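What you are looking at is a predicted structure, and each value in this text was computed from that prediction instead of being measured.
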Amino acid sequence: MLAWLGVKPEFWSKAFYFFFYAAIAAIFPFLVLYYDSLGLSGYQIGFLAGILPLVTLFSAPLWGGLADRTHRHRILLIAAVFGTIVIIILISRSLEFIWLFPLISLFAFFIAPIMPIVDNSVMELIANNRDRYGKLRLWGSVGWAAASPFIGLLIERSGLSSMFIAYIVLMVIGLLISLQMTVSQAGIGTKYWTGLRSLLSNPGWWRFLVAVFVFGFGTAVINSYLFLYMDELGASKTLMGFSLTLATVSEVPILFYSGRLLNRFGITSLMVFAMILLAVRLLAFSVIGLPVLVVFFQILHGPAYSVMW
């Protein structure tokens, strides 16, 4: 019916990006504060924060291989989104590390294939105009930016448990949108062992992966511990949410003009630029003592993260 009203397939991709990243904004940055509120040690908090990308690293190829083998990309996408909702409900009821560890691992397992499947579908949708990817993906940044201040205010007034409710509501909307999306059945990538051999035999890939690893390491420090740091500095949850909004708004122009930037400066120059800005951002966070200054340096997030992405 919406197709008759002139709603294009791209609309559903934009909508999914919006609500998925709004849901992520509701849960990811505040999880460390939830762990801290449960009385977990710094080691336990770091372990739980680190297990997310680690499990994702190994589970994403498994999901991708299953999707390519069965050609059931839509069903797997729906199953993954639904799985994260169920697991977040369980996490919200877990108060001890011994239960949080397997649940966070499962959450990472189910969330791993969502963006690869959606991104792959978007790239197939705009096959002849792939430089337009940034203009579609920026709706994820818009969703994150729009949700962050409201999530911060909600947590300020209702407590950390409200972040789980916000995630569930936003992700349920994302689940409904996924039923309408154009989901490509094309392969997400090459076969695992074929891809691995290609990586191991190509020095250029090694240099690229090392650069991405270093950048990801620095970004993970910020993503995992920034709110704990701001909490120590006395920042309110509302200010934390605003800092996320400011950081995400800075992504939008980069993603919008991503095609032009790549054509004008090239990949290597942009990667070096992004890593320099990340280093400046980390150095600034290490020496400042006022929450408002943390918010100010969040502006560097977009020119660093989005350029690298």
Side-chain angles (χ1 to χ4, degrees), residues 19-63 76-116 144 147-148 150-175 216-233 235-237 240-241 243-244:
F19 284 101
F20 176 79
Y21 280 100
I24 295 300
I27 200 82
F28 271 37
F30 296 99
L31 267 178
V32 290
L33 295 178
Y34 178 69
Y35 300 152
D36 187 57
S37 72
L38 297 178
L40 300 186
S41 67
Y43 171 79
Q44 291 172 324
I45 292 173
F47 190 87
L48 290 175
I51 202 68
L52 268 167
L54 184 62
V55 172
T56 300
L57 174 67
F58 291 100
S59 61
L62 296 177
W63 281 93
L76 292 178
L77 174 62
I78 293 171
V81 173
F82 181 76
T84 68
I85 295 171
V86 173
I87 294 166
I88 282 297
I89 294 173
L90 297 176
I91 290 174
S92 70
R93 298 174 179 272
S94 301
L95 305 177
E96 298 179 0
F97 177 78
I98 193 172
W99 294 112
L100 285 170
F101 167 61
L103 288 173
I104 291 296
S105 300
L106 278 174
F107 180 71
F109 177 79
F110 276 98
I111 206 168
I114 295 177
M115 273 302 99
W144 185 295
S148 295
F150 294 104
I151 300 300
L153 184 61
L154 179 65
I155 291 174
E156 190 84 47
R157 294 183 175 181
S158 305
L160 282 167
S161 60
S162 58
M163 70 180 183
F164 297 114
I165 299 173
Y167 176 89
I168 293 167
V169 171
L170 291 167
M171 199 57 107
V172 166
I173 297 174
L175 179 63
F217 191 96
T219 303
V221 171
I222 296 175
N223 291 343
S224 298
Y225 294 104
L226 180 60
F227 277 14
L228 277 180
Y229 180 53
M230 292 183 70
D231 191 54
E232 285 187 359
L233 296 178
S236 66
K237 304 301 185 298
M240 293 178 191
S243 75
L244 285 180

Note: Met240 and Phe227 closest approach over all heavy atoms is O-CZ, 3.4 Å
When you compare the side chain of Met115 with that of Tyr21, does any pair of heavy atoms fall below 4.5 Å?
yes
From CA spacing to verdict: ring-ring contact (aromatic ring centres under 6.0 Å, His included), Tyr35, Phe97:
CA-CA 9 Å; Tyr35 300 152; Phe97 177 78; 8.8 Å; no
When you measure from the side chain of Gln44 to the backbone of Ser41, do you find a donor-acceptor pair of N or O atoms at a distance under 3.5 Å?
yes
Could you state the interatomic distance from CG (Asp231) to CG (Leu226), rounded to the nearest 0.5 Å?
11.0 Å
Note: Ala25 and Trp144 closest approach over all heavy atoms is CB-CD2, 3.6 Å
Between Ser105 and Val55 the two heavy atoms that sit nearest each other are O-CG1, 3.5 Å
Is any side-chain heavy atom of Glu96 less than 4.5 Å from a side-chain heavy atom of Leu40?
no
Of all heavy-atom pairs between Ile155 and Leu160, which one has the smallest distance, and what is that distance?
CG2-CD2, 3.7 Å
side-chain contact (heavy atoms from CB on, under 4.5 Å) between Leu100 and Leu38: does it pass, once the steps are laid out?
CA-CA 11 Å; Leu100 285 170; Leu38 297 178; 3.7 Å; yes
Evaluate the side-chain proximity of Pro29 to Leu244: yes if any heavy-atom separation is below 4.5 Å, no if none is.
yes
Report yes if some heavy atom in the side chain of Ile114 is under 4.5 Å from a heavy atom in the side chain of Thr84; otherwise report no.
yes
In sequence, state the C-alpha distance, the side-chain angles, and the governing distance for Ile45 and Leu228, and then conclude on side-chain contact (heavy atoms from CB on, under 4.5 Å).
CA-CA 10 Å; Ile45 292 173; Leu228 277 180; 4.2 Å; yes
Angle between ring planes, Phe107 versus Tyr167, binned at 30° and 60°: parallel, tilted or perpendicular?
perpendicular
Does CZ in Phe82 sit with more than 12 non-hydrogen atoms of other residues, nucleotides or ligands closer than 6.0 Å?
no
Any idea how Phe109 and Trp63 line up, ring-wise: parallel (<30°), tilted (30 to 60°), or perpendicular (>60°)?
tilted
Donor-acceptor contact below 3.5 Å, side chain Ser224 vs main chain Val221
no
Rounded distance (nearest 0.5 Å) linking atom CZ of Phe28 with atom CG of Leu52
5.0 Å
Nearest-0.5 Å distance, CG of residue Asp36 to CG of residue Leu33:
7.0 Å
Just so I know, are the side chains of Ser243 and Met230 near enough to count as touching, which here means a heavy-atom distance under 4.5 Å?
yes
Looking at every non-hydrogen atom in both residues, tell me the closest pair between Pro53 and Gly50 and how far apart they are.
CD-O, 3.2 Å
Would you call Leu31 and Leu48 a side-chain contact if the rule is heavy atoms closer than 4.5 Å?
no
Do you know which two heavy atoms are closest between Glu156 and Lys237, and how far apart they sit?
OE1-N, 2.7 Å
The reported gap from OG in Ser92 to CD1 in Ile168 (rounded to nearest 0.5 angstrom) is 6.0 Å
Let me confirm one number: the CG-OG distance from Leu106 to Ser59, rounded to the nearest 0.5 Å.
10.0 Å
Within the structure provided, determine whether Phe110 and Ile87 are in side-chain contact (heavy-atom separation under 4.5 Å).
yes
Kindly determine whether Phe20 and Met171 satisfy side-chain contact (heavy atoms from CB on, under 4.5 Å), including the steps that lead there.
CA-CA 6 Å; Phe20 176 79; Met171 199 57 107; 3.5 Å; yes
Could you walk me through whether Ile24 and Ile111 satisfy the side-chain contact (heavy atoms from CB on, under 4.5 Å) test, starting with their C-alpha distance in whole Å, then the side-chain angles of each, then the deciding distance to 0.1 Å, before giving a yes or no?
CA-CA 10 Å; Ile24 295 300; Ile111 206 168; 3.5 Å; yes
Enter the distance from Ile91:CD1 to Phe164:CZ here, rounded to the nearest 0.5 Å.
7.0 Å
